[in-house]
There are 2 protein chains.
Amino acid sequence: MEKLEMGTIQTELPARRASMTRVGNLSGTAMPTSTRSSLGTAANRVISVLIADDHTIVRQGIRALIECDEKIKVVGEADTGRSAIHMVKELNPDIVLMDIAMPLLNGLESTKQLIKEFPRLKIVVLSSYSDDIYVTQVMEAGAAGYLIKQTAANELVAALKEVQKGKAVFSPSVARRLKDNCRNGLEHGQLPGKERIKLTPRELEVLQLIAEGYANKQIASELTISIKTVEKHRQRVMDKLNIHQTAGLTRYAIVNRISESHMQGGAL
Amino acid sequence: MEKLEMGTIQTELPARRASMTRVGNLSGTAMPTSTRSSLGTAANRVISVLIADDHTIVRQGIRALIECDEKIKVVGEADTGRSAIHMVKELNPDIVLMDIAMPLLNGLESTKQLIKEFPRLKIVVLSSYSDDIYVTQVMEAGAAGYLIKQTAANELVAALKEVQKGKAVFSPSVARRLKDNCRNGLEHGQLPGKERIKLTPRELEVLQLIAEGYANKQIASELTISIKTVEKHRQRVMDKLNIHQTAGLTRYAIVNRISESHMQGGAL
DNA sequence: TTGAAAATACGGTAAAACCCCTAGGTTGTT
DNA sequence: AACAACCTAGGGGTTTTACCGTATTTTCAA
């Protein structure tokens with residue numbers, strides 16, 4: 001079970017919002033995101049939270065857990081991304097706790113739209129998975145944190161308080177991924193925050209064929225290239241994604257819709 | 001948002017256990033599942049519950065919610081199917097609240113194995129998918145209920161009490177699916193077109209681990225069996241499915257929900 | 001109790017995957 | 001021209017799969 005360590009990689013964050021909000025709060029002044037009612041001093045204010053998750057039992061559970069802390073108040077629950085956006089406009093929360101997988105409008109799109117309209121809104125993604133694409137894209141969208149659901153309640157509460165202070169929070173597995181991405185990007189002189197794991201066209205092609213069950217030899221014949229070249233592509237894909245098994249590559253390809261998840265033919 | 005209506009289709013249940021337990025309790029007698037300590041009369045006993053879900057925040061949330069009712073006591077939490085089995089043996093709960101998508105051993109397999117060993121154990125599946133293709137299989141395995149995570153806390157508590165009385169509980173969408181399956185499947189004896197390839201429990205277990213990126217050696221250590229045995233299971237699975245690559249097995253496992261499509265940590 | 005199915009395990013072999021390394025050729029950009 | 005990125009290709013190595021046997025034990029139902 002992973003433990004949450006907050007703020008461990010704050011200084012190397014690719015997220016642009018992290019530094020912004022951090023600076024604002026170091027001054028010791030309350031930083032009203034808008035015309036929000038301040039329920040106390042900057043340090044003691046109650047943090048208003050909106051929970052967005054399509055599972056009622058999960059929403060209610062999280063609400064019960066984080067409201068045990070008297071400094072946190074859940075002001076609303078949304079069961080879709082779209083309703084989350086509506087409720088943010090109405091309720092003006094400090095933080096949105098956002099699930100990724102939601103109907104009508106997923107957490108990523110919701111985050112993008114919300115940040116665009118409310119740049120100072122703090123959005124903490126609470127996801128079931130720590131897939132690279134989501135982590136990077138969500139952070140690029142301007143989220144203030146990315147936690148996985150393996151997180152414990154006390155860790156979540158602590159994370160919310162850190163975020164309210166203007167810090168960014170990540171689960172360790174997410175932080176690891178972000179770090180890798182940062183390092184790769186910075187070594188090549190790219191702008192931090194822009195480097196997602198990018199596969200070249202040929203690599204994507206090879207990955208798709210791998211996920212469809214082709215052996216290297218078949219791929220080579222299909223693409224009319226040497227097996228050695230195929231192996232090279234495969235190796236680079238593995239290095240980039242940090243996945244070193246065929247099973248993992250296949251899963252990645254399906255999840256990222258590089259390969260169709262539906263099989264045709266006798267196997268199914 | 002769907003509302004839970006419990007017991008609406010109890011009389012048309014295909015599950016064998018439902019009628020069994022129902023009859024037992026209509027007599028008004030306490031029906032000790034084993035040598036369990038009775039903490040009161042039959043009506044007032046505390047219901048001991050084990051929660052199996054790989055997401056800590058979800059487990060803790062559900063625990064907080066259902067323990068608000070003084071008749072329900074959560075005696076343990078498991079984060080994998082395998083640990084759920086171990087904890088049942090140790091803690092002897094009345095009811096297991098079982099998530100479907102779990103690493104190492106999924107909820108369906110866990111349910112099958114638990115019911116096989118503890119036929120009177122009540123297992124309530126709490127799944128993320130309302131359209132779960134496993135509804136029928138889970139009920140055939142002998143589960144006492146199938147709820148989706150859209151269920152609200154008070155409904156869940158009520159459902160647990162109904163199950164403890166020996167009744168079966170379903171979310172409306174699940175009940176609908178079961179009805180359809182009854183009509184189509186049981187009358188014709190088999191699903192039209194597709195004959196189901198039947199893998200043994202152990203083979204399914206191995207398949208899931210393969211799809212989660214485990215190498216044969218790791219699987220062997222996980223199941224505490226010889227690598228040669230793992231290879232044999234793998235071979236038989238391949239022969240049965242007529243799939244002879246890891247990629248194909250992984251895809252099959254994902255499409256058939258033997259493995260989660262979204263993984264986190266570990267193997268990836 | 002007998003038999004079938006399942007799970008266990010071992011030996012051997014060829015193929016494939018995995019993981020290093022170097023390196024030429026083609027693009028496109030600065 | 002220099003540079004970076006990509007595609008290409010090969011050498012050489014270890015590890016893992018895939019497939020072929022056989023065989024014992026367990027389990028469960030006829």
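Keep in mind that the numbers below use all heavy atoms, side chains included, and drop hydrogens, waters and symmetry copies. Per chain, numbering begins at 1; letters A, B, ... match sequence-line order.
- Counting only distance, with no hydrogens or angles, the side chain of Thr229(A) and the backbone of Ile225(A) share no donor-acceptor pair below 3.5 Å.
- Following rounding to the nearest Å, Asp239(B) (CG) and dC19(D) (C1') show an atom-to-atom distance of 9 Å.
- Under a 3.5 Å cut-off, the side chain of Asn216(B) and the backbone N or O of Ile227(B) do not form any donor-acceptor pair.
- In this structure, a donor-acceptor pair under 3.5 Å is absent between the side chains of Gln218(A) and Glu222(A).
- Residues that satisfy the side chain to side chain donor-acceptor pair (under 3.5 Å) test with Glu205(A), not counting sequence neighbours, are Arg202(A).
- Looking at every heavy atom in both residues, Ala141(B) comes nearest to Thr111(B) through CB-CG2, 4.1 Å.
- Salt bridge status for Glu140(B) with Lys112(B): absent, with no side-chain N to carboxylate O gap under 4.0 Å.
- For the pair Lys116(B) and Ala215(B), nearest-nucleotide mapping onto DNA chain D gives the more 5' position to Ala215(B).
- Using a 3.5 Å distance cut-off with no hydrogens or angles, the side chains of Gln208(A) and Glu212(A) do pair a donor with an acceptor.
- If you find the closest nucleotide of DNA chain C to Pro201(B) and to Gln245(B), the one lying nearer the 5' end belongs to Pro201(B).
- Lys161(B) is linked by a side chain to side chain donor-acceptor pair (under 3.5 Å) to Asp69(B), counting only residues two or more places apart in sequence or in another chain.
- Spacing between atom CD of Glu203(A) and atom C1' of dC7(D) amounts to 10 Å, rounded to whole angstrom units.
- Overall, the helix from dA9(C)-dT22(D) to dT30(C)-dA1(D) carries an axis bend of 40° between its ends, with five pairs at each end and the value rounded to 10°.
- For DNA chain C, the neighbouring residues in residues 216-224 of chain A, judged by any heavy atom under 4.0 Å, are Asn216(A), Lys217(A).
- Within the model, atoms OG of Ser127(B) and CG of Asp99(B) stand 6.5 Å from one another, a figure rounded to the nearest 0.5 Å.
- Straight-line distance from the CD1 atom of Ile243(B) to the P atom of dT17(D): 17 Å, rounded to whole Å.
- In this structure, Lys149(A) does not pair ionically with Asp54(B), as no charged nitrogen and carboxylate oxygen lie closer than 4.0 Å.
- At whole-Å resolution of the value, CG in Leu204(A) and P in dC6(D) are 11 Å apart.
- Read 5' to 3', the first and last nucleotides of DNA chain C with an atom closer than 4.0 Å to a heavy atom of chain B are dA6(C) to dG12(C).
- Salt bridge present: Lys228(A) and Glu231(A) bring a charged side-chain N and a carboxylate O closer than 4.0 Å.
- Remark: side-chain polar atoms of Thr56(B) are paired, donor with acceptor, to backbone N or O of Gln150(A) under 3.5 angstrom.
- To the nearest 0.5 Å, atoms CG (Leu97(B)) and CG (Leu50(B)) are separated by 9.0 Å.
- Annotation: proximity of residues 225-236 of chain B to DNA chain C (heavy atom, distance under 4.0 Å) is found for Ile225(B), Ser226(B), Lys228(B), Thr229(B), Lys232(B), His233(B), Arg236(B), numbered in ascending order.
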